[in-house]
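All chains are named by letter (A, B, ...) in the order of the sequence lines, taking the proteins before the strands, and each is independently numbered beginning at 1. Remember, it's a predicted structure, so these values are computed and weren't measured experimentally. Atom set for the values below is all heavy atoms of this structure, side chains included, hydrogens, waters and symmetry mates excluded.
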2 protein chains.
Amino acid sequence: MSKSGTTTPARATIRTVAADAGVSVAAVSKVLRNAYGVSDGLRDKVQKSIEKLDYRPSTAARGMRGRTYTVGVLLVELRNPFLPSVIDGVQRTLGKANYKALMGVGEARAKIEQSLIDSMVDMRMDGLLLVAPRLSGDRLARHAQRLPMVVIGHHEPTAALFDTVNSDDRRGARIAVEALLTRGHKDVHMISMPEENAAQNVYREREYGYRDAMVAAGLADRIRFWRQKERFAQPDGTIDALLESPDRPPAVFCWSDIAAVELINKAAARGINVPEDLAIIGYDDTPTAALPLIGLSSMDQHGTQIGELAAAALLSRIEGRTVPEHRLIEPGLILRRST
Amino acid sequence: MSKSGTTTPARATIRTVAADAGVSVAAVSKVLRNAYGVSDGLRDKVQKSIEKLDYRPSTAARGMRGRTYTVGVLLVELRNPFLPSVIDGVQRTLGKANYKALMGVGEARAKIEQSLIDSMVDMRMDGLLLVAPRLSGDRLARHAQRLPMVVIGHHEPTAALFDTVNSDDRRGARIAVEALLTRGHKDVHMISMPEENAAQNVYREREYGYRDAMVAAGLADRIRFWRQKERFAQPDGTIDALLESPDRPPAVFCWSDIAAVELINKAAARGINVPEDLAIIGYDDTPTAALPLIGLSSMDQHGTQIGELAAAALLSRIEGRTVPEHRLIEPGLILRRST
DNA sequence: ATGAAAGCGCTAACAC
DNA sequence: GTGTTAGCGCTTTCAT
């Protein structure tokens, strides 16, 4: 019964449950966390009362002493096509361990990321999973000092305080570029992002892979970058410039499908034949790349696997592991019409 | 200084701040919430100490008594192209009011949604913003009873306990279908979703709009639905069936770009000319629809605006409003090659 | 194996 | 205008 009329019944607390089951709150707490030292009989009584009263522990209250069984996941930007599969993997792994993920969207801006991470810490989340953060390695380390942390899409294999899980971007880029070179192209260019940004970005690694392949093929002098502005998923003229340039290359490797899709579309709009006059390979193997009308070759990063491994790493860190783990996942080239 | 060696300094609490500023904890608390009755002098002292100690209140502790200044946002499915713009609007509006959004991804399954909402409630979030939930109206009402709630992408204009903000899907569908009828097509079919599902889904409203337009044009007998299976963004043969049917219509209105993009691609793969032999209009105006190689006509829902209005509604509910608000946003038709 | 009781870091009466 | 203090709902020693 509740106090009056149509008011919703007050939410059951650990005390309500203890009273109903005729045991102490400490006993209920132990059952909740299935801690050591409770008899089967007691456990049963408590379980029954929990069901009966539809009791669920307050995460807020828990956060003041113990765990919240919740991890914070920071996403760069919702439009990033790499995210859905990663999150699938994360949720699956977390769910098995009875953990929940609550996410924040950083809008690709360090300031916002910072404040979101603060919120997650303030909420006493048990760990942090960052996906392609813009925050510098220093800042990341600072946060990692305070709670378990795993980072995806950020290459820092020497980081001591947090784990990283990444696609082997350097290798992936090399594989893609080699596929272009195999077709007989010499002037393979790369569309990438601004040079001044964080050295640990995935596209920096992909640039290394591109260089590796070109150098290995004796084409070091043909290396050339076309750099887009930072504005996320926002055309900035770089691709138009490339297509209209007298130096237009016969083959282009793109740091992401975001760029590659724009390139293949603008090439088509100009009547440039792909792949005859312009061969293209992108990165991320987005659903768009796979559309028959697009037919874009791309690197599959195996996002789900990355998400699973990252979540597993975070859980083991929460359980106490402190030695860092840095994993690289082998990506796979998906060849389509554009090559 | 901290206890030992390299340990990070213990986090400042409200007591630390009070001591440093030489005032009471109540005073600090008041400054924090800028509550009534604090002198400028006191406020200044406290602010300084807060800065100096880099203090930030524990949301977990706050949640036990007052507000958390955090709202939970439940997303259907990360692959839904409608989300990014909505979230942009939500974050912008929430940010201005110094609120944070933490999101959960329901994977388009009621069970998961339920558990995520529970988590958000357990965390003592101040309000809930649900985007296209699969949960029934009853369940939604149950949650709304416990805390402020606003729902996007769920048509229930009579809901008393929560607000809704939606695109005027019925009107949007009618506009789209009329555009097809204007081109002289009589057999305009619609690709939609399963019939048995929640009556408040957006695609149900779009079906009404389709019907409206057909009936108004005296074509009630030509109404025909092709229904996809529920599996999200997963081809299920419906579209192949449509394209290979002897009754293949000359024009199709799709409940979402998810279907329309598949349709236009598979049509192309079969050598069917769009729009000559098959005119198409989708819904959501996704980035993919806008690609030159796709050129898909689509309805723009003005997602950002929806997000802003929904967030504003939630904030006003948190501030105490109880009379429900149900808003419909006028969508706009974007015509491209496919029509 | 079980329970009593002391907090965790805040907010909100209430007293001064 | 400012301070004292009783909780909020848990977890966690420490007794028993």
Grab the CZ-C1' distance between B:Arg56 and C:dC10 for me, whole Å please.
15 Å
Taking 4.0 Å as the cut-off, does a side-chain nitrogen or oxygen of B:Ser24 come that near to OP1 or OP2 on D:dG3?
yes
Taking any heavy-atom pair under 4.0 Å as a contact, classify A:Ala27: base, sugar-phosphate, or nothing.
sugar-phosphate
Pair A:Arg62, A:Asp126 - check salt bridge (charged side-chain N to carboxylate O under 4.0 Å, His left out), show working.
CA-CA 11 Å; A:Arg62 278 187 150 173; A:Asp126 295 342; over 6 Å; no
Value in whole Å for how far the P atom of C:dT11 lies from CE of A:Met64
11 Å
If I take atom CZ in residue B:Arg11 and atom C1' in nucleotide C:dC8, what distance separates them, rounded to the nearest angstrom?
13 Å
Classify the nucleic acid contact of A:Gly37 as base, sugar-phosphate or nothing, counting any heavy atom under 4.0 Å across all strands shown.
base
Just the rounded figure in Å: distance from P of D:dT11 to CG of A:Asn34.
12 Å
On DNA chain C, check which nucleotide each of A:Arg43 and A:Arg15 is closest to and give me the residue with the more 5' one.
A:Arg43
Nearest to the B:Ala26 side chain among D:dC10, C:dC10, D:dT4, which nucleotide is it?
D:dT4
Do the charged groups of A:Asp122 and B:Arg56 touch, with an N to O distance under 4.0 Å?
yes
Any chance CD of A:Glu51 has more than 12 other-residue heavy atoms, nucleotides or ligands included, within less than 6.0 Å?
no
Within the 4.0 Å heavy-atom criterion, would you say A:Val23 contacts the bases, only the backbone, or no part of the nucleic acid?
sugar-phosphate
Under 3.5 Å, N/O pairs linking protein and nucleotides 14-16 of chain D:
none

So does B:Arg109 have more than 12 non-hydrogen atoms from other groups sitting under 6.0 Å from CZ?
no
Using OP1 and OP2 only, check whether a side-chain N or O of A:Arg33 sits under 4.0 Å from D:dT12.
yes
Is the side chain of A:Ser119 donor-acceptor paired with the backbone N or O of A:Ser115 at a distance under 3.5 Å, no angle test?
yes
Comparing nearest nucleotides in DNA chain D, the 5'-proximal residue of the pair B:Arg65, A:Ile14 is B:Arg65
Does C:dC10 have OP1 or OP2 under 4.0 Å away from a side-chain N or O of B:Tyr55?
yes
Would you tell me if any nitrogen or oxygen in the side chain of B:Ser39 comes within less than 4.0 Å of OP1 or OP2 on D:dT2?
yes
Presence of salt bridge, A:Asp118 and B:Lys100, under 4.0 angstrom:
no
Are B:Glu113 and B:Arg134 within salt-bridge range, i.e. N to O under 4.0 Å?
no
Selected nucleotide, minimal atom distance to B:Leu42 side chain, candidates C:dC10, D:dC10, D:dT2:
D:dT2
Rounded to whole Å, the CE-P distance (B:Met123 to D:dG9) equals 17 Å
Near A:Arg67 CZ, under 6.0 Å, is it more than 12 heavy atoms from other residues, nucleotides or ligands?
yes
C:dA12 C1' sits how many Å from B:Arg67 CZ, rounded?
14 Å
If you compare every side-chain N and O of A:Ser29 against the phosphate oxygens of D:dT11 (OP1, OP2), does one of them come in below 4.0 Å?
yes
Assign each of B:Ala61 and A:Arg62 to its nearest nucleotide of DNA chain D by heavy atoms, then name whichever residue's nucleotide is nearer the 5' end.
B:Ala61
Please state how far atom OH in B:Tyr69 lies from atom P in C:dT11, giving the value in whole angstrom units.
7 Å
How close or far is atom P of C:dG9 from atom CG of A:Asp122, stated in whole angstroms?
13 Å
